[in-house]
Amino acid sequence: MKDAYIAAKERWAAKMAGKAKPVVRSKDRLPPGQRLVHNFPVLDLGIQPDVPLDKWELKIGGKVENPVTLSWKDFMALPQFTDISDFHCVTTWSQFDMEFTGVAFFTIADLVKPKPEATHVFFKSYDGYSTNNPLDVCMDDDVMIAHSWNGKPLSKEHGGPARVIIPKRYAWKGAKFIREITFMDRDILGFWEVRGYSNSADPWLEERFADVKNVPPGFGSDKAIY
Ligand SMILES: Nc1nc2c(c(=O)[nH]1)N[C@H]1C(S)=C(S)[C@@H](COP(=O)(O)O)O[C@H]1N2
Ligand SMILES: [Mo]
């Protein structure tokens with residue numbers, strides 16, 4: 001685990017220095033059961049909160065040495081990070097080569113300094129959404145709080161002012177309209193996780209649902225409702 005963390009931090013540092021190695025894409029880049037799209041669909045609870053930048057705050061706390069509440073100006077003053085990643089939605093669409101710019105999760109962790117007992121992270125959003133991840137999943141070189149997509153500010157429908165991007169998990173693990181990040185000494189389930197979705201959400205293992213009995217009717221067809 002420690003070696004994986006050091007390796008991820010080295011990859012992130014290289015990216016920050018503009019010296020990232022070209023991404024080697026495997027032939028099986030599309031996870032099982034996914035299809036490729038090119039239109040960046042919108043998925044949310046149907047509420048797209050209006051958060052003016054002068055009212056926007058990102059509260060980061062819990063099991064940390066240095067809790068902070070960032071204004072938009074504070075957030076934008078942090079070291080900026082651009083990365084290209086693939087995006088996998090549990091409803092079976094994937095999109096390749098998404099360019100997001102924002103603040104790396106490593107930068108957030110360096111700022112707040114998680115305490116040794118911090119093992120999980122809970123994310124809360126302006127639309128009432130929430131999701132949870134283990135800390136080691138967040139401490140990967142490609143995890144960030146993004147404010148821009150393809151060089152333009154994130155639209156409200158895609159989670160602006162800022163959203164979480166965790167490329168190696170199904171996209172529901174990345175909260176749009178992010179409002180609060182809490183480091184925890186235990187795991188608590190988020191919005192979809194309490195509704196039968198997988199807690200681990202690894203697209204390569206097809207971890208869609210916690211239990212196959214929870215698969216919604218028509219899953220994978222255009223008629224399914226999530
Ligand atoms: N705040 C919030 N974040 C969210 C969601 C949501 O409903 N609310 N939906 C999740 C799901 S299921 C997916 S697939 C992605 C969709 O992001 P997109 O609408 O930009 O494609 O956001 C995730 N993050
Ligand atoms: Mo999703």
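Note that ligands are numbered from 1 as they come in the structure, with each ligand's atoms numbered from 1 the same way. This is a predicted model, so every value here is computed, not measured.
The aromatic ring centroids of W172 and Y129 lie 6.0 Å or more from each other.
Listed by number with element, the atoms of ligand 1 under 4.0 angstrom from any heavy atom of L45 are 7 (O). Atoms of ligand 1 lying under 4.0 Å from any heavy atom of S125, numbered from 1 in the order shown and given with element: 1 (N). Per-residue contacts place F40 under 4.0 angstrom from the following atoms of ligand 1 (heavy atoms of the residue considered): 18 (P), 20 (O), 21 (O). Each of the atoms 14 (S) of ligand 1 lies under 4.0 Å from some heavy atom of C89.
With respect to the salt-bridge test (charged N to carboxylate O, under 4.0 angstrom), the residues D142 and R11 do not qualify. Using a 4.0 Å cut-off between a side-chain N of Lys or Arg and a carboxylate O of Asp or Glu, E206 and R208 qualify as a salt bridge. A salt bridge does not link K168 to D202: none of the charged side-chain nitrogens sits closer than 4.0 Å to a carboxylate oxygen.
The nearest heavy-atom contact from the protein to atom 7 (O) of ligand 1 is D44 CA, 2.9 Å. Counting protein heavy atoms only, atom 12 (S) of ligand 1 is closest to W172 CB, 3.5 Å. Scanning all protein heavy atoms for the shortest distance to atom 9 (N) of ligand 1 gives L43 O, 3.3 Å. Atom 6 (C) of ligand 1 has its closest protein heavy atom at Y129 CD1, 3.4 Å. Atom 8 (N) of ligand 1 has D127 OD2, 2.8 Å as its closest protein atom, hydrogens excluded (heavy atom only). At the shortest separation from atom 21 (O) of ligand 1 among protein heavy atoms lies P41 O, 2.5 Å. Given atom 24 (N) of ligand 1, the protein heavy atom at minimum distance is G174 O, 2.8 Å. When hydrogens are left out, the protein atom nearest atom 15 (C) of ligand 1 is R163 NH2, 3.7 Å; that is the closest non-hydrogen contact.
Placement of F183 and L189 in two distinct hydrophobic clusters is found when ILVMFWY residues are connected by side-chain heavy-atom separations under 4.5 Å, directly or transitively. In the hydrophobic cluster analysis, where Ile, Leu, Val, Met, Phe, Trp and Tyr join through side-chain heavy atoms closer than 4.5 angstrom, F81 is grouped together with L154.
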Just do the ring-ring contact (aromatic ring centres under 6.0 Å, His included) check on F75 and W56 with the steps written out, would you? CA-CA 10 Å; F75 175 68; W56 184 89; 5.2 Å; yes

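For D187, the side-chain hydrogen bond (donor to acceptor under 3.5 Å, both in side chains) partners are N132, N199, not counting sequence neighbours.
Only side-chain heavy atoms of F87 come within less than 4.0 Å of ligand 1; its backbone N, CA, C and O stay farther off. Using a 4.0 Å cut-off between heavy atoms, W93 contacts ligand 1 through its side chain alone, with no backbone atom that close.
Here side chain to side chain donor-acceptor pair (under 3.5 Å) pairs that include residues 107-127, with residues two or more places apart or in two chains, are K9-D110.
The closest approach between any non-hydrogen atom of A175 and ligand 1 is below 4.0 Å.
The heavy-atom pair separating I165 from A146 by the smallest distance is CG1-CB, 4.0 Å.
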